[in-house]
S.K.: 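Quick one: structure below, then a few questions.
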There are 2 protein chains.
Amino acid sequence: MKPQTNTVVRLDAEDAVVQLADLFRLMGDPTRLRIILRCVNEPISVGDIAEQLMLSPSLVSHHLRLLKAARVLRGERRGKQIFYSALDDHIRCVIDDMMTHIGEPNYIEEVD
Amino acid sequence: MKPQTNTVVRLDAEDAVVQLADLFRLMGDPTRLRIILRCVNEPISVGDIAEQLMLSPSLVSHHLRLLKAARVLRGERRGKQIFYSALDDHIRCVIDDMMTHIGEPNYIEEVD
DNA sequence: TCAACATATGAACACATATTCATATGTTGA
DNA sequence: TCAACATATGAATATGTGTTCATATGTTGA
């Protein structure tokens, strides 16, 4: 899959590509993206995410684990519950940019 | 996978989420992301992409087809070759934002 | 029209992964 | 410590998908 590395030292840019792809892949699942969208505005508990999105707490937890490991979200315990929120607001910027991309008039109903 | 729609009319926001996720998923594969990165600066032919990335023309073509269908890239024929470039520059903005996200100092080497 | 090149397409396979279910861990109040 | 709640984890499975190979389509120059 990865092109063979003829050079001894791997390029930093190559690492960046893999890291970038990892983040995009995480945002590439609709369920996970919905979870992210629930967290970017204000901290929200696992149970509330599950209820609002009509998902099992187990599934939400699985996704949250990936998002936390990738530094997209962070979790903070408050009593029994754990509230998740965006680690920083770059994710929100990325989503906004992509929204703009979708909103492009030439995007909709154009045929090859 | 998708939460059941109790309402008759599906929400536009829900469509947007699916569209967003589709785009992110496309950028979530390292090979495809590398192909995108080769196209965002200047138009480049399929063969040149394949050569520079050390991939088979067939594989590059498969990915280009997806990226073109998703309106990430566009193809323009010049003689025998077809040159691909970014449809607009929102993709570049998205990548830049994500780069910044990766560059965050608290992203690297922080432990739970 | 033919050969040579450039790109696209379809099938098949191997691998990744989203989801579910059962169970475990952790926290609070009594 | 115990019960009740909240979240996390592991295994199993079904589905999705990236890649390869063979082949097809399209273009140019002779």
Side-chain angles (χ1 to χ4, degrees), chain A residues 1-4 17-39 43-70 72-85 111-112, chain B residues 1-4 17-18 20-39 43-70 72-85 112:
Chain A
M1 182 171 173
K2 164 181 286 189
Q4 60 186 53
V17 168
V18 173
Q19 286 188 53
L20 276 179
D22 277 343
L23 290 173
F24 286 132
R25 182 174 43 77
L26 284 175
M27 305 179 71
D29 178 71
T31 301
R32 219 151 38 212
L33 187 54
R34 288 187 197 99
I35 292 175
I36 294 172
L37 288 171
R38 292 287 161 169
C39 297
I44 182 175
S45 73
V46 180
D48 285 350
I49 297 173
E51 187 182 9
Q52 293 183 20
L53 300 181
M54 290 184 288
L55 303 170
S56 72
S58 172
L59 179 56
V60 174
S61 184
H62 275 297
H63 286 306
L64 287 173
R65 190 167 73 92
L66 299 176
L67 293 170
K68 195 173 76 168
V72 174
L73 302 180
R74 67 188 212 93
E76 172 195 13
R77 181 175 282 277
R78 299 183 192 173
K80 290 188 205 173
Q81 311 179 71
I82 298 180
F83 284 74
Y84 282 84
S85 56
V111 189
D112 281 323
Chain B
M1 182 171 171
K2 164 181 285 189
Q4 61 184 54
V17 167
V18 173
L20 276 180
D22 278 342
L23 290 173
F24 286 132
R25 183 174 43 77
L26 283 175
M27 305 179 71
D29 177 70
T31 300
R32 222 151 35 212
L33 187 54
R34 288 187 197 101
I35 291 175
I36 294 172
L37 288 172
R38 293 286 162 170
C39 298
I44 182 175
S45 73
V46 179
D48 284 350
I49 297 173
E51 186 181 10
Q52 291 183 21
L53 299 181
M54 291 183 288
L55 303 170
S56 73
S58 172
L59 178 56
V60 174
S61 183
H62 274 298
H63 286 307
L64 287 174
R65 189 166 74 92
L66 299 175
L67 294 170
K68 196 174 76 168
V72 174
L73 301 181
R74 68 187 213 93
E76 172 195 12
R77 182 176 282 277
R78 299 184 192 172
K80 291 188 204 172
Q81 311 179 70
I82 298 180
F83 283 74
Y84 282 84
S85 56
D112 283 322

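Naming convention: chains lettered A, B, ... in sequence-line order (proteins, then strands); numbering from 1 in each chain. Just so we're clear, the structure is a prediction, and the values are computed from it rather than from any experiment.
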S.K.: In what stems does DNA chain C take part, counting only runs of at least 3 consecutive Watson-Crick or G-U pairs whose two distances fall under 3.5 Å?
M.R.: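 Output for stems: C:1-30 with D:1-30.
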S.K.: Rounding to an integer number of Å, can you tell me how far B/Ile35 CD1 sits from C/dT7 P?
M.R.: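 B/Ile35 atom CD1 is separated from C/dT7 atom P by 13 Å.
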S.K.: Under a 4.5 Å cut-off applied to non-hydrogen side-chain atoms, are A/Asp29 and A/His63 in contact?
M.R.: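 A side-chain contact exists here, since the closest heavy-atom pair is under 4.5 Å.
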S.K.: For A/Ser58, which contact category applies under a 4.0 Å heavy-atom criterion: base, sugar-phosphate, or nothing?
M.R.: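 Base contact.
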S.K.: Applying a 4.0 Å non-hydrogen cut-off, can you work out what A/Tyr84 is touching in the nucleic acid: base, sugar-phosphate, or nothing?
M.R.: sugar-phosphate
S.K.: Between B/Arg65 (CZ) and D/dT17 (P), how many Å, whole number?
M.R.: 13 Å
S.K.: Reckon B/Ser61 has a side-chain N or O less than 4.0 Å from the OP1 or OP2 of C/dT7?
M.R.: no
S.K.: What integer distance in Å separates A/Ile49:CD1 from D/dA6:P?
M.R.: 14 Å
S.K.: Of A/Arg32 and B/Phe83, whose nearest nucleotide on DNA chain C comes first from the 5' end?
M.R.: B/Phe83
S.K.: Find the distance A/Gln81:CD to D/dA4:P and express it as a whole number of Å.
M.R.: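 So the two atoms are 19 Å apart, to the nearest Å.
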S.K.: Could you state the atom-to-atom distance from CG of A/Asp29 to C1' of C/dT19 in whole Å?
M.R.: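 Taking atom C1' of C/dT19 as the reference, CG of A/Asp29 is at 10 Å.
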S.K.: Could you tell me if the side chain of B/Ile44 sits less than 4.5 Å from the side chain of B/Gln52, heavy atoms only?
M.R.: yes
S.K.: Can you measure A/His63 atom NE2 to C/dT17 atom P for me and round it to whole angstrom units?
M.R.: 12 Å
S.K.: How close do A/Ser56 and A/Ala50 get, heavy atom to heavy atom, and via which atoms?
M.R.: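 That closest heavy-atom pairing would be C-CB, 4.2 Å.
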S.K.: Can you tell me how far CZ of B/Phe24 sits from CG of A/Leu26, rounded to the nearest 0.5 angstrom?
M.R.: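 It is 11.5 Å, given to the nearest 0.5 Å.
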S.K.: What's the closest nucleotide to the side chain of B/Leu64 if the choices are D/dT9, D/dT19, C/dA8?
M.R.: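 Shortest atom-to-atom distance from the side chain points to C/dA8.
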S.K.: What distance separates A/Leu55 CG from A/Ser61 OG, expressed to the nearest 0.5 Å?
M.R.: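 One gets 12.0 Å once the value is rounded to the nearest 0.5 Å.
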S.K.: Which nucleotide wins on minimum distance to the side chain of B/Ile82, given the candidates C/dG26, D/dT19, C/dA8?
M.R.: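 Looking only at side-chain atoms, B/Ile82 lies closest to C/dA8.
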S.K.: How many whole angstroms separate atom CG of B/Leu59 from atom P of C/dA14?
M.R.: 18 Å
S.K.: Side-chain contact, heavy-atom cut-off 4.5 Å: B/Leu53 with B/Thr31?
M.R.: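 Answer no - side chains too far apart.
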S.K.: Would you indicate what B/Arg78 reaches in the nucleic acid, counting non-hydrogen atoms under 4.0 angstrom: base, sugar-phosphate, or nothing?
M.R.: nothing
S.K.: Could you report the tightest heavy-atom contact between B/Cys39 and B/Ile49, atom names first, then the distance?
M.R.: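 Scanning both residues, the minimum pair turns out to be SG-CD1, 3.8 Å.
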S.K.: Whole angstrom is fine here: how far is it from CG in B/Leu67 over to P in C/dT7?
M.R.: 16 Å
S.K.: Determine whether the aromatic ring of A/His62 stacks with the base of C/dT19, defined as ring centroids separated by less than 5.5 Å and ring planes inclined by less than 30°.
M.R.: no
S.K.: With respect to the side chain of B/Arg25, which nucleotide from D/dT7, C/dA18, D/dT17 is positioned closest?
M.R.: D/dT17
S.K.: Side chain of B/Arg77, heavy atoms from C-beta onward: which of D/dT27, C/dT7, D/dT20 has the nearest atom to it?
M.R.: D/dT27
S.K.: In the structure I gave you, are the side-chain heavy atoms of B/Arg38 and B/Tyr84 within less than 4.5 Å of one another anywhere?
M.R.: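 B/Arg38 vs B/Tyr84: side chains apart.
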S.K.: Taking the minimum atom-to-atom distance to the side chain of B/Lys80, which one of C/dT7, C/dC5, D/dG18 wins?
M.R.: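 The closest nucleotide is C/dC5.
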